[in-house]
Amino acid sequence: MPLSGAQQQSQTQITAAAYRPLLFCSITTSSRSPGRRRGWLLMVLVLLWRSFCNNIQSSSSSVHAFRLLDVPRRRINSQSVFFCKRALSSVNNNNNPIIVAMTSQNNMQDSSSSSVMESSSASASKNRARKVGLESLEECGARLRRGELVAFPTETVYGLGANAMDEDACRKIFAAKERPLTDPLIVHVTSTKNAQSLWAAASAADEDDDNQELTTTEGQILQLLCDKFWPGPLTLVAKAGPKVPLLVMAGTGFVACRNPNHAIARAVIDASGIPIAAPSANKFGHVSPTTADHVWDDLQNEDVWIVDEATTTTTNTNGTSEPPSCNVGVESSVVKLEMIPGGKAVLTMLRQGAISVDQLETSLRENGFGSDTVEVFSKFKDVASDTESTVSPGQAIRHYSPNVPSFLISQECRSSPVAKLSQEELNVLQKSVIVDYGKQLLAWKDSAIAYRDLSETGLSSEAAQNVFETLRWAEQVQGAAVILFPHMHPLLNDALALAVNDRLTRAASGKVINSLEDSSS
């Protein structure tokens with residue numbers, strides 16, 4: 001198994017003896033069908049589970065390794081690693097380092113092309129990412145047309161962009177993020193017309209006729225929502241037209257589109273001249289990025305250009321002042337429009353962002369779409385497993401997560417003054433970082449290792465702007481054993497408060513504790 005120089009110099013020396021137990025699993029397939037791919041992935045997981053349940057428990061080896069042989073080149077490599085590491089971790093009671101290596105059938109003669117991932121190793125010795133300034137936006141557009149990756153700011157978070165119509169380009173997103181293929185991509189456009197070309201309700205329309213009216217209920221609702229909320233932090237999910245790649249939709253038949261309200265994002269998309277698929281520019285499941293440095297921290301070893309205003313060598317000469325990048329601070333609201341038998345429409349909120357259900361419903365009702373025509377629901381509290389395809393990203397219960405165990409503190413728990421905490425609870429608190437909201441955990445501030453409030457006044461817009469930066473700060477505090485958040489019950493009409501609560505809940509994997517001692521159980 002080939003290792004980088006940094007891995008060879010890591011604290012754990014990887015030797016031939018350290019490869020016990022080692023499971024070699026040879027899987028040969030040239031099929032490109034999703035069914036065959038799922039089939040061999042399932043076989044891998046079954047073999048992993050049976051073999052490692054029997055063998056890992058008794059192993060004294062400090063390293064567990066797993067190799068996939070003969071995986072066709074560029075065929076769901078990151079997906080293989082993701083599931084293999086997840087399966088290995090579930091039976092790795094000793095918390096030993098895990099290595100997952102993949103050797104392609106097409107490049108087994110070239111050891112330098114093998115992909116190696118280690119759960120606790122040093123990063124690669126050479127950075128592949130590159131920060132670029134605003135003077136490079138045209139080059140970024142050309143790079144996207146060539147099928148390469150570009151990370152750019154929006155009003156929500158940084159996105160990792162690729163040509164949405166190029167499946168190979170989109171695969172690079174999944175590989176760079178180590179993202180499961182069950183998580184769909186949001187396609188970014190700069191006009192309603194471009195989005196309509198991707199939706200089935202409007203894709204049959206004459207693309208040269210800008211004034212053509214949509215006559216179906218589905219098409220009219222989409223048009224209204226675009227008119228009212230675009231450009232802005234709203235993603236619309238609808239039945240996809242025939243030209244959208246299955247990979248972008250996670251095979252669901254629905255495509256998500258958004259028109260961002262940020263000058264740099266729009267300039268990048270317009271420079272490319274193509275729809276851009278762009279999830280958040282971070283490793284899958286980690287805290288979302290709101291600065292170029294955040295993107296660099298996660299993706300510096302990936303082949304990606306990162307648009308960074310701080311590296312810009314030119315100045316703004318038009319006399320205008322743009323709002324700061326990622327000024328909303330949390331990802332867009334995601335709503336799905338679906339027609340049901342009888343011609344009625346259902347609009348469902350799948351992920352909470354800055355646009356609320358109330359705003360959507362009010363807009364529909366004021367424009368003649370009554371409850372007999374379209375119903376509006378919220379399901380953003382629902383969660384999905386890692387193997388379940390969804391029509392919206394951000395559905396996993398563990399998402400936006402720091403690299404430190406995190407917990408929500410119940411009202412019962414946080415009502416206890418420090419003087420009444422047990423010694424065991426004090427010991428936990430002294431190793432905790434507190435991420436507060438509206439001073440709910442202020443009484444514990446002096447006993448914690450570090451403390452920061454998202455908004456001392458409880459202002460949801462301020463909290464949303466600060467939440468991801470603060471989570472990344474918290475995971476880097478020296479000596480931190482756990483991160484604690486208040487378990488909130490925000491008002492249903494405060495979209496950003498709901499969004500912040502959703503992000504903190506998923507950052508904590510939904511775990512609410514009634515005692516500080518529960519964080520160590």
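The basis for the numbers below is simple: all heavy atoms, side chains too, and nothing from hydrogens, waters or symmetry mates. What you are looking at is a predicted structure, and each value in this text was computed from that prediction instead of being measured.
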Quick one: do L134 and E309 satisfy side chain to side chain contact (heavy atoms under 4.5 Å, CB included)? Show the steps, please. CA-CA 6 Å; L134 301 186; E309 294 170 275; 4.1 Å; yes
From C140 SG over to I306 CD1, what is the distance, rounded to the nearest 0.5 angstrom? 10.5 Å
Checking K511 side chain against P405 main chain: does a donor-acceptor pair fall under 3.5 Å? no
Classify the side-chain pair D494/S460 by whether it contains a donor and acceptor separated by less than 3.5 Å. yes
C257 side, atom SG; I186 side, atom CD1 - distance, nearest 0.5 Å: 9.5 Å
Sequence neighbours excluded, the answer for side chain to side chain donor-acceptor pair (under 3.5 Å) partners of E456 is none
Out of curiosity, E361 CD to S378 OG, how far, rounded to the nearest 0.5 Å? 11.0 Å
Main chain of N261, side chain of E155: is a donor-acceptor contact present, judged purely on distance under 3.5 Å? yes
So K177 and K283, side chain to side chain contact (heavy atoms under 4.5 Å, CB included) or not? Walk me through it. CA-CA 4 Å; K177 285 177 60 68; K283 291 297 183 181; 5.5 Å; no
Closest heavy-atom pair and its distance - R503, G353: NH2-CA, 4.5 Å
Counterpart residues, salt bridge (charged side-chain N to carboxylate O under 4.0 Å, His left out), relative to K228 (two or more places apart): none
Can you name the closest pair of heavy atoms from D453 and K439 and give their distance? OD2-N, 2.9 Å
Keeping E475 on the side-chain end and N403 on the backbone end, is there a donor-acceptor pair under 3.5 Å? yes
Nearest heavy atoms of A480 and A474, plus distance in Å: CB-O, 4.3 Å
Hey, does F377 have a side-chain heavy atom less than 4.5 Å from the side chain of V357? no
Side chains of I483 and F407 in contact at under 4.5 Å (non-hydrogen atoms): no
Within the distance-only criterion (no hydrogens, no angle test), does the side chain of Y158 pair as donor or acceptor with the backbone N or O of S288 below 3.5 angstrom? no
Tell me whether the count of non-hydrogen atoms from other residues, nucleotides or ligands lying under 6.0 Å of NZ in K445 goes above 12. no
So which atom in I269 and which in P260 form the shortest heavy-atom distance, rounded to 0.1 Å? CD1-CG, 3.9 Å
Using side-chain heavy atoms (C-beta onward) and a distance below 4.5 Å, is L408 in contact with I513? no
Does a side-chain heavy-atom distance below 4.5 Å link V150 with V307? yes
Taking atom OG of S333 and atom CG of L360, what is their separation to the nearest 0.5 Å? 7.0 Å
Could you give all pairs that pass the ring pair (Phe, Tyr, Trp, His ring centres under 6.0 Å) test and reach residues 457-504, with sequence neighbours left out? Y400-F468, H487-H489
May I ask you to decide whether K172 forms a salt bridge with E302, counting only side-chain N to carboxylate O separations under 4.0 Å? no
For S356 and Q359, does a side-chain donor sit closer than 3.5 Å to a side-chain acceptor? yes
Okay, side chain of N327, backbone of T156: is any donor-acceptor separation there less than 3.5 Å? no
Indicate whether the side chain of Y451 and that of D436 have a donor and an acceptor atom separated by less than 3.5 Å. yes
With rounding to the nearest 0.5 Å, note down the distance linking CG in L454 to CG in L459. 11.5 Å
How long is the straight-line distance from CD1 of I173 back to CZ of F284, given to the nearest 0.5 Å? 13.5 Å
If you look at every heavy atom in V330 and A464, which pair is closest and at what distance? CG1-O, 4.0 Å
So salt bridge (Lys or Arg N to Asp or Glu O under 4.0 Å) across residues 417-430, not counting sequence neighbours, yields none
Can a donor-acceptor pair be found between the side chains of R351 and S332 at a distance below 3.5 Å? yes
Side chain to side chain contact (heavy atoms under 4.5 Å, CB included) with Q465: which residues, sequence neighbours excluded? none
So, D293 and T291: side-chain donor and acceptor under 3.5 Å apart, yes or no? no
Please answer whether the main-chain N or O of N501 pairs with a side-chain N or O of T505 as donor and acceptor at a distance below 3.5 Å. yes
Give a yes or no answer on whether the side chain of R128 reaches the backbone of L299 with a donor-acceptor pair at less than 3.5 Å. no
Do side-chain atoms of D502 reach the backbone of Q352 as a donor and acceptor pair under 3.5 angstrom? no
In the structure I gave you, are the side-chain heavy atoms of F254 and E338 within less than 4.5 Å of one another anywhere? yes
4.5 Å side-chain heavy-atom contact, R179 and L185: yes
Would Q430 and S447 count as having a side-chain donor-acceptor pair, cut-off 3.5 Å? no
The complete set of side-chain hydrogen bond (donor to acceptor under 3.5 Å, both in side chains) pairs with one or both residues in residues 404-413, sequence neighbours excluded, reads S410-N514, Q411-R414
Are R266 and N259 close enough, and set up right, to give a side chain to side chain contact (heavy atoms under 4.5 Å, CB included), and what steps lead you there? CA-CA 8 Å; R266 299 179 69 82; N259 184 343; 2.4 Å; yes
Main-chain N/O of L516 paired to S519 side chain as donor or acceptor, under 3.5 Å: yes
May I ask you to decide if V428's main-chain N or O and S432's side chain share a donor-acceptor pair within less than 3.5 Å? yes
Quick check: do H286 and D298 have side-chain heavy atoms less than 4.5 Å from each other? yes
Search all heavy atoms of V248 against all heavy atoms of A164 and return the closest pair with its distance. CG2-O, 3.5 Å
Any T235 side-chain heavy atom under 4.5 Å of E331 side chain: no
Start with the C-alpha distance between W444 and V418, add both sets of side-chain angles, then the distance that settles side chain to side chain contact (heavy atoms under 4.5 Å, CB included), and finish with yes or no. CA-CA 6 Å; W444 293 355; V418 173; 3.6 Å; yes
